[in-house]
Trainee: 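My questions will all concern the structure given below.
Residue numbering restarts at 1 for every chain, and letters A, B, ... go by the order of the sequence lines.
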Amino acid sequence: MRLLTRPFLAISLAALIAAGIAACFLPFPASALTLSLALLLPAATARHALGRARGKGARAKSQVVAPAGGTIDLAAASERHFFDRNPVPMYVYDQESLRFLDVNESAVAHCGYSRARFLAMTIEDIHSPEEMARLRAFRAAMTSTDGSAGTWQHHKADGSVIAVEIIHRAIRFGDRAAMLVAAVDVTHVSRVERELRDSETRLKALADNLPGIVYQCRLTADGEISYPYCSAAVAELFGPGPDGAADFATVTQAIPAEDRLAFMASVRQSAAALSPWSLDFRCRRRDGTIAWFSGKGRPRRLANGDTLWDSVLIDITEQKNAEQALRESEAQLRRSREHLARAQRIAAIGSFEHRFGSPALEWSEESYRIFGVAPGTPMTIDAHEALVLAEDRGRVRDTYRLAEEGQPVPPVEYRIRRPDGVLRTLIRESEVLRNAAGAPIGLIAVCRDVTELRAEQKRNAELEAQLHHAQRMEALGTLAGGIAHDLNNTLLPVMVMADALHRKLPPGSPESERLQLIRQAGDRARGLVRQILAFSRREDPNKEVLDLAALVRQSMSLVRAGVPTTVRIEEQIGQVAPVLGDAGQLHQVLLNLIANAIDAIGDSIGTIRLALKNEGHAIAAPGAPAGPCVRFSVADTGCGMDEATLRRIFEPFFTTKAVGQGTGLGLSVVHGIVTSHGGRIEATSRPGEGTQFDIFLPALAAAPTADSEEIAA
Amino acid sequence: VNNRILLIDDDLIVRQTIANVLTDAGYDVVSTGDGVSGMRAYRKSRPDLVITDIIMPDQEGIQTLMEIHKVDPTAKVIAISGGGRTSNLRILDVARTMGASDTLAKPFDLEELLSVVRRWLPLDNDPQSGAAPNAQA
């Protein structure tokens with residue numbers, strides 16, 4: 001910062017005036033010079049009282065200062081010349097009347113009054129009216145015979161006003177007590193001084209009142225650093241310097257050791273590149289607290305090679321603290337957002353918010369993932385609704401309606417088709433957003449993809465039903481096994497004793513015929529028990545690698561003879577993958593299903609369709625993973641059955657046939673055999689539309705794709 | 001005369017029936033109701049043929065079968081069964097594997113019984129009996 005002290009200015013101004021006056025007189029002869037200098041320099045202190053009255057009537061009161069000694073004889077040629085030709089405007093006035101007695105050429109030229117006009121005026125005539133009081137007071141108090149009278153304002157002939165520095169000396173002019181006056185025009189100098197003074201005051205006030213420290217830093221070529229100027233604020237923050245005055249060194253001493261190197265380095269760098277200096281650094285204040293300062297300075301190179309910065313230091317602690325707090329708060333917010341996003345990702349729960357009156361829907365990151373929409377895509381109610389399946393849209397709309405009415409919104413489950421075409425099931429739980437007055441203003445909701453959950457629930461329900469069924473079958477099997485064992489023992493004496501008695505009776509006798517009836521009943525009972533045992537037999541089948549196509553054809557060649565002529569049999573037996581199975585048991589399966597189909601058709605005309613083919617990806621057994629299977633189907637065009645019947649057909653002893661026409665074990669046996677083969681049987685039927693049984697057995701290896709081979713019935 | 005048969009079955013009526021018809025057919029039948037007493041009778045009388053039920057309360061027929069073969073590895077045993085009450089095994093197949101000469105599933109008729117018994121223990125005076133087999137089937 002540039003600094004001009006007032007004493008310096010004052011001295012400069014005085015010197016300027018002195019020099020100017022000296023310059024005026026220097027070219028003149030020594031006697032005149034001596035006189036002039038003696039006359040004009042403010043050295044003398046002798047005081048004379050001069051009576052001086054104001055105006056014409058008051059002249060008697062004018063103070064007259066007696067000449068200090070010697071006379072100036074303006075009549076003398078040398079002095080005359082000095083007076084007349086002096087470049088400084090000079091004049092002589094009568095101390096009593098204040099009337100101009102003489103003026104030099106410069107005064108005439110400078111002020112614009114003619115000599116004659118001058119001589120008709122008093123000194124009051126050329127002074128500003130505003131100065132009149134001061135002039136009179138000055139004159140009344142004037143005691144010294146010579147000296148500086150200070151600065152005054154004179155009116156020129158053209159009406160302009162100039163500032164003049166007056167130097168005067170009391171002289172004798174002829175018989176009159178007069179005053180010789182040199183009036184140096186200082187109009188320009190005076191304005192500069194005032195402006196400088198104002199500027200200096202302003203700058204000092206500015207420097208002292210700035211919310212910071214203003215200082216100068218000087219770096220010598222030798223690397224020595226000093227601080228020529230520092231504003232007063234430094235003392236408040238860092239205490240006074242060693243000499244009690246503001247000293248910027250107190251600041252550098254307050255920089256923590258670990259920051260000081262950086263501070264010095266930045267100063268040197270600025271000096272080297274002559275680039276603006278800027279640094280935020282920490283300082284310990286006089287109260288012990290650490291503060292942040294932002295320093296900025298502009299360097300310039302001095303003639304001697306030193307670098308001088310005009311710099312300012314602002315306390316930015318609060319700003320830094322606020323920035324830090326903001327950063328922490330932002331980091332906290334960022335962390336919170338990240339946590340939320342992560343939590344949503346882990347839980348697979350998305351969220352969104354909607355303000356009534358706006359079409360926008362604000363989605364969380366996870367919501368975009370759930371809906372399969374590119375993150376950041378602007379979402380609206382309509383865009384969201386477009387993803388919802390048409391039949392579910394009403395339910396979704398209801399949530400907005402309820403929320404707008406301020407009613408609680410129940411969870412809603414709906415399906416969406418994602419942009420990639422995948423169908424998903426979502427569940428959404430919503431809450432109404434309200435303003436301070438409690439009025440509904442929006443809706444916030446979380447949504448969860450429950451597609452897998454629902455599928456699993458469905459699977460579980462199916463598995464549970466299957467398990468339940470299997471358990472029932474198992475219990476029935478155990479029961480049947482027990483019954484069969486006891487029945488077998490019971491039947492044995494019946495059959496054997498009937499035979500034994502029969503042998504002892506003459507053939508054709510009535511007793512013999514009755515015994516035959518007992519034997520027949522025994523045989524039927526034995527058949528029944530065998531079926532029960534077959535059902536209850538839960539041991540592993542005697543498995544071998546089988547070609548089911550061959551097995552089916554072989555079985556059919558045996559069966560066909562027993563099929564009524566009203567029933568047509570169509571076979572669609574393709575080449576299938578080999579399976580592991582018990583040929584006898586699987587033959588039994590085929591027989592039972594055919595028999596069942598024939599019974600279903602009854603006396604009507606109907607068709608039984610047999611089909612055998614590969615299934616690339618099917619579930620063979622409940623709970624088993626899907627894989628290659630062989631599917632054997634038997635469909636009839638018979639009477640079919642209702643759902644209640646369909647649910648129970650595999651239960652042992654369940655039959656819809658008339659007493660004596662069926663044991664109710666045929667399908668149970670089929671079920672037992674298929675299950676023990678690691679397979680699965682499905683029945684589909686409708687009353688009046690026939691029934692189809694599908695058996696899935698796990699394939700051993702992939703077989704050639706099913707080129708079905710049609711075989712005529 | 002080689003016509004002595006030991007019959008082991010826990011079912012009294014079955015036991016009486018089989019003993020009755022086999023006695024009628026000319027065999028000398030001793031019967032017991034469980035495996036333990038059956039073994040006692042076997043050691044005592046060394047019958048020419050044993051007919052044993054497989055599922056019995058005190059001692060399983062399979063065990064009886066194995067104990068008989070410990071006493072006489074060439075003993076001829078016919079296993080009979082009315083099927084497993086709870087077992088998952090095909091009991092008669094197991095019996096055959098364990099050394100039973102033949103098996104009969106209950107209920108069988110008189111003809112089936114006599115033909116199997118005669119196969120393993122032909123009666124010299126019985127015209128219906130075939131030649132005794134040389135080895136176990």
Side-chain angles (χ1 to χ4, degrees), chain A residues 473-505 512 515-516 518-543 582 584-585 665 672-673 675-676, chain B residues 7-27 29 31 33 51-57 60-61 78-97 103-117 126 128:
Chain A
M473 298 290 270
E474 174 113 4
L476 284 165
T478 305
L479 177 68
I483 292 169
H485 176 270
D486 289 357
L487 266 178
N488 282 339
N489 276 333
T490 309
L491 280 173
L492 187 138
V494 173
M495 291 169 71
V496 170
M497 282 310 182
D499 283 348
L501 280 174
H502 182 254
R503 284 188 178 193
K504 296 193 181 218
L505 291 170
S512 175
L515 282 170
Q516 277 304 102
I518 294 176
R519 264 308 310 271
Q520 280 167 15
D523 278 342
R524 190 193 284 178
R526 177 162 69 169
L528 176 60
V529 174
R530 290 244 160 97
Q531 291 239 38
I532 294 175
L533 274 181
F535 164 73
S536 69
R537 192 182 286 138
R538 281 151 291 147
E539 74 272 24
D540 285 337
N542 201 5
K543 287 180 184 170
D582 184 317
Q585 289 188 6
L665 282 166
I673 291 171
T675 306
S676 69
Chain B
L7 171 66
I8 311 168
D9 198 308
D10 63 319
D11 191 314
L12 179 63
I13 305 171
V14 169
R15 208 159 63 229
Q16 285 176 342
T17 302
I18 293 173
N20 186 293
V21 293
L22 287 182
T23 305
D24 237 25
Y27 290 98
V29 181
S31 59
I51 298 172
T52 181
D53 189 17
I54 295 297
I55 312 283
M56 288 182 297
E60 282 278 289
I78 295 168
I80 58 173
S81 176
R85 270 199 174 90
T86 54
S87 168
N88 286 336
L89 295 169
R90 295 190 204 216
I91 299 142
L92 291 179
D93 287 355
V94 174
R96 199 184 279 276
T97 310
T103 58
L104 272 173
K106 293 177 187 172
F108 39 80
D109 60 24
L110 181 60
E111 197 47 52
E112 286 165 339
L113 174 68
L114 287 179
S115 96
V116 169
V117 170
D126 187 347
Q128 290 182 5

Trainee: Do Gln16(B) and Met497(A) have side-chain heavy atoms sitting under 4.5 Å apart?
Mentor: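 Sidechains of Met497(A) and Gln16(B): no contact.
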Trainee: Flag the pair Arg526(A) and Glu112(B) as a salt bridge only when some basic side-chain nitrogen lies within less than 4.0 angstrom of an acidic carboxylate oxygen.
Mentor: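 Looking at Arg526(A) and Glu112(B), the cut-off is met.
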Trainee: Which bit of Asp11(B) is near chain A, if near means a heavy-atom gap under 4.5 Å: side chain, backbone, both or neither?
Mentor: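 Only the side chain of Asp11(B) comes within 4.5 Å of chain A.
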Trainee: Picking from Ile80(B), Ile13(B), Thr17(B), Val14(B), which has the most non-hydrogen pairs under 4.5 angstrom with chain A?
Mentor: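 Highest number of heavy-atom pairs under 4.5 Å: Thr17(B).
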Trainee: Using side chain to side chain contact (heavy atoms under 4.5 Å, CB included) as the criterion, point out the one residue from Leu110(B), Val21(B), Leu113(B) that pairs with Asp499(A).
Mentor: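 For Asp499(A), the side chain to side chain contact (heavy atoms under 4.5 Å, CB included) test succeeds with only one of Leu110(B), Val21(B), Leu113(B), which is Leu110(B).
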Trainee: Taking C-beta and beyond as the side chain, do Asp24(B) and Lys504(A) meet within less than 4.5 Å on heavy atoms?
Mentor: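 Contact flag for Asp24(B)/Lys504(A) side chains = yes.
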Trainee: Let me confirm one number: the NZ-CG distance from Lys106(B) to Asp486(A), rounded to the nearest 0.5 Å.
Mentor: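 With rounding to 0.5 Å, NZ (Lys106(B)) is 10.0 Å from CG (Asp486(A)).
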Trainee: A side-chain contact here means heavy atoms from C-beta on lying under 4.5 Å apart; do Leu492(A) and Ile18(B) qualify?
Mentor: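 SC-SC contact between Leu492(A) and Ile18(B) confirmed.
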